[in-house]
Amino acid sequence: MSMNKFTDQQYLTTDQYKDAGNLDARLVIHKRFSTNPYGWFNWIFDTLAQFPAGANILELGSGSGALWANIADKIPATWNITLSDLSQGMLDAAWRNLVVTGRNFKFEQIDAQSIPYKDETFDIVIANHMLYHVPDRSKALAEIKRVLKNGGYLIATTVGESHMKEIADWLKRVDNDNDFSPFILPFTLENGREQLGKVFSQVTISRYEDSLQITDVDLFIAYLRSAIRASEVSEEELAKVKTELKKELKKNGKIFISKDSGLFIAIK
C-alpha cells in the first residue's frame with residue numbers, strides 16, 4: 001500500500017477526513033478500551049495548564065474538536081482559542097461538538113503550510129496527531145515558528161513507530177501482499193525531535209503510558225475499516241480478521257493492543 005496517503009491532501013480532505021466519521025470510529029476505541037484511566041486529553045491539558053492564563057492559542061488540524069470537547073470544563077475563560085483544519089467537514093463537526101459548551105471558539109480553514117496570521121500572533125500552537133499528514137513539514141514548522149511569539153510553545157503530539165503494532169499482525173494474517181508495517185510515518189516520537197530541533201531552540205518529549213484491551217469485535221472492525229492503512233483490505237479479508245478476533249476474544253477475554261503516544265514541547 002502506498003504510504004503517501006498519509007500526506008495526500010486531496011485524499012485526506014475528500015475521503016479520509018471529509019467528515020468526522022472515520023476519526024470518530026477510531027476515537028471511540030480509545031475512549032472505551034484504553035487501560036490508562038487518566039485519559040489522553042486530560043494528560044495533554046496538564047501540559048497546556050502550565051501556560052499563561054491569557055494565552056492566544058491556535059490548534060492546527062483540530063479535527064472534530066475532541067481535545068476541547070473532552071476538557072471543556074477545565075479551559076480557562078481567558079484563553080483565546082482558534083481551531084483550524086484543512087477539511088471544512090471537520091470544522092463543521094468541531095463546531096457542532098463545541099457549540100454546546102457555550103465557549104467562544106473561533107473556527108478557520110487553514111493549511112499548516114501557509115498560516116494566514118501575522119508574525120508573533122500566538123502564545124501556543126497545538127498540532128495533535130497531525131504533523132505526519134503535512135506534505136512539506138519543514139515549511140509548516142517554519143510557519144508555526146513565524147506565528148508564535150518569542151518564547152511561545154508548539155505542542156506536537158504523535159505516535160511511536162510501534163504504536164498499535166498488533167493491528168499490522170492481524171491484517172498480515174489475511175493479506176500478505178500489502179505492507180502493513182506499523183506506522184512508517186514521517187513524524188514520530190523517534191524522529192520528531194530532530195525535525196523540531198532544526199527550527200526551535202529547545203525540544204522536550206513526554207510519553208503517555210497506555211494500551212488497549214478490546215472486548216467488542218464489531219467496534220474494532222469499524223476501527224480497522226476507518227484506518228488509512230486498511231483502505232485496501234477487502235471486506236472478505238476483514239471478515240476473516242473478524243473471525244480470528246472472535247477466537248482471540250473467546251480464548252483470552254480481550255484483544256490486547258499496545259499503544260505508544262506522546263508529545264513534544266518546542267520553544268521558540
Side-chain angles (χ1 to χ4, degrees), residues 9 12-13 16-28 30-31 38-131 133-134 140-141 143-158 208 261 263-268:
Q9 291 186 308
L12 292 171
T13 54
Q16 176 63 208
Y17 294 123
K18 68 177 185 283
D19 57 36
N22 283 330
L23 184 62
D24 287 347
R26 295 200 287 280
L27 287 174
V28 72
H30 293 285
K31 191 171 184 178
Y38 193 64
W40 169 251
F41 297 115
N42 290 326
W43 184 74
I44 295 175
F45 179 77
D46 287 349
T47 294
L48 297 176
Q50 304 168 33
F51 301 132
N56 194 18
I57 300 171
L58 170 66
E59 183 176 13
L60 296 168
S62 58
S64 56
L67 168 62
W68 306 103
N70 279 274
I71 61 170
D73 57 338
K74 298 182 177 185
I75 304 168
T78 53
W79 281 3
N80 179 24
I81 303 168
T82 301
L83 276 69
S84 72
D85 203 281
L86 192 61
S87 162
Q88 186 58 51
M90 279 297 196
L91 287 175
D92 292 344
W95 181 84
R96 286 195 302 273
N97 287 336
L98 293 171
V99 67
V100 294
T101 67
R103 288 194 52 92
N104 189 25
F105 294 95
K106 184 179 177 184
F107 300 89
E108 194 157 359
Q109 193 169 8
I110 291 177
D111 181 344
Q113 299 164 122
S114 181
I115 302 173
Y117 280 96
K118 293 179 181 177
D119 296 0
E120 300 185 21
T121 299
F122 297 99
D123 299 287
I124 305 167
V125 172
I126 300 169
N128 188 11
H129 280 45
M130 63 77 65
L131 283 174
H133 287 312
V134 180
L141 291 176
E143 276 289 272
I144 291 168
K145 182 179 181 181
R146 180 184 64 77
V147 300
L148 275 173
K149 297 174 184 176
N150 285 327
Y153 298 88
L154 165 63
I155 309 300
T157 74
T158 189
Y208 179 70
S261 301
L263 62 79
F264 294 103
I265 301 176
I267 303 174
K268 178 175 174 179

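FYI, the numbering just counts along the sequence from 1.
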query = Roughly how far, to the nearest 0.5 Å, is OH of Y153 from CD1 of I267?
reply = 4.5 Å
note = All heavy atoms of G54 vs all of D123, minimum pair found to be O-OD2, 4.2 Å
note = For K149 and K268 the tightest heavy-atom approach is O-CD, 3.6 Å
remark   = Between R96 and V99 the two heavy atoms that sit nearest each other are O-CG1, 3.6 Å
ask   = Which is it for W40 and Y208 under the ring pair (Phe, Tyr, Trp, His ring centres under 6.0 Å) test, yes or no, and what are the steps along the way?
value = CA-CA 8 Å; W40 169 251; Y208 179 70; 5.6 Å; yes
message = Using the salt bridge (charged side-chain N to carboxylate O under 4.0 Å, His left out) criterion, which residues pair with K106? Sequence neighbours excluded.
response = E108
key: Sidechain-backbone polar pair: T101 side chain, L98 backbone, donor-acceptor under 3.5 Å   = yes
key: Contact summary for L131 and A127, nearest pair of heavy atoms   = CG-CB, 3.9 Å
task = For residues A94 and G63, report the shortest heavy-atom separation together with the two atoms involved.
result = CB-O, 3.5 Å
Over all atoms of both residues, closest heavy-atom pair of S261 and H129 = OG-NE2, 4.1 Å
ask   = What distance separates Y117 OH from S84 OG, expressed to the nearest 0.5 Å?
value = 8.0 Å
key: Side chain S62, main chain G65, donor-acceptor under 3.5 Å   = no
task = Output the distance between atom CG (L58) and atom CD1 (I115), rounded to the nearest 0.5 Å.
result = 6.0 Å
message = Taking M90's backbone N and O only, do any of them form a donor-acceptor pair with W95's side chain (distance below 3.5 Å, no angle check)?
response = no
query = Do we see a donor-acceptor contact under 3.5 Å between the side chains of N80 and N56?
reply = yes
key: D119 CG: over 12 foreign heavy atoms closer than 6.0 Å   = yes
key: Any side-chain heavy-atom pair of I81 and R103 under 4.5 Å   = yes
key: From CA spacing to verdict: side chain to side chain donor-acceptor pair (under 3.5 Å), N128, T157   = CA-CA 5 Å; N128 188 11; T157 74; 2.5 Å; yes
query = Can you tell me how far the CD1 atom of I126 sits from the CD1 atom of I144, to the nearest 0.5 Å?
reply = 11.0 Å
query = Where do D92 and F107 land on the side-chain contact (heavy atoms from CB on, under 4.5 Å) test, with the steps shown first?
reply = CA-CA 9 Å; D92 292 344; F107 300 89; over 6 Å; no
key: Heavy-atom neighbours of K74 NZ exceed 12 at 6.0 Å   = yes
ask   = Are T47 and I265 close enough that some pair of their side-chain heavy atoms sits under 4.5 Å apart?
value = yes
Counting only pairs under 3.5 Å, give me each side-chain donor-acceptor contact of residues 66-73, with atom names and distances, residues two or more places apart or in other chains.
unit_1 : atom_1 : unit_2 : atom_2 : d
W68    : NE1    : E59    : OE1    : 2.7
N70    : ND2    : A66    : O      : 2.7

request  = Let me see the working for V147 and E120 under side-chain contact (heavy atoms from CB on, under 4.5 Å), right down to the final yes or no.
outcome  = CA-CA 4 Å; V147 300; E120 300 185 21; over 6 Å; no
request  = Please round to the nearest 0.5 Å and tell me the distance separating atom OG1 of T121 and atom CD1 of I57.
outcome  = 14.0 Å
task = Could you tell me the separation between the CG atom of L60 and the CG atom of L86, rounded to the nearest 0.5 Å?
result = 10.5 Å
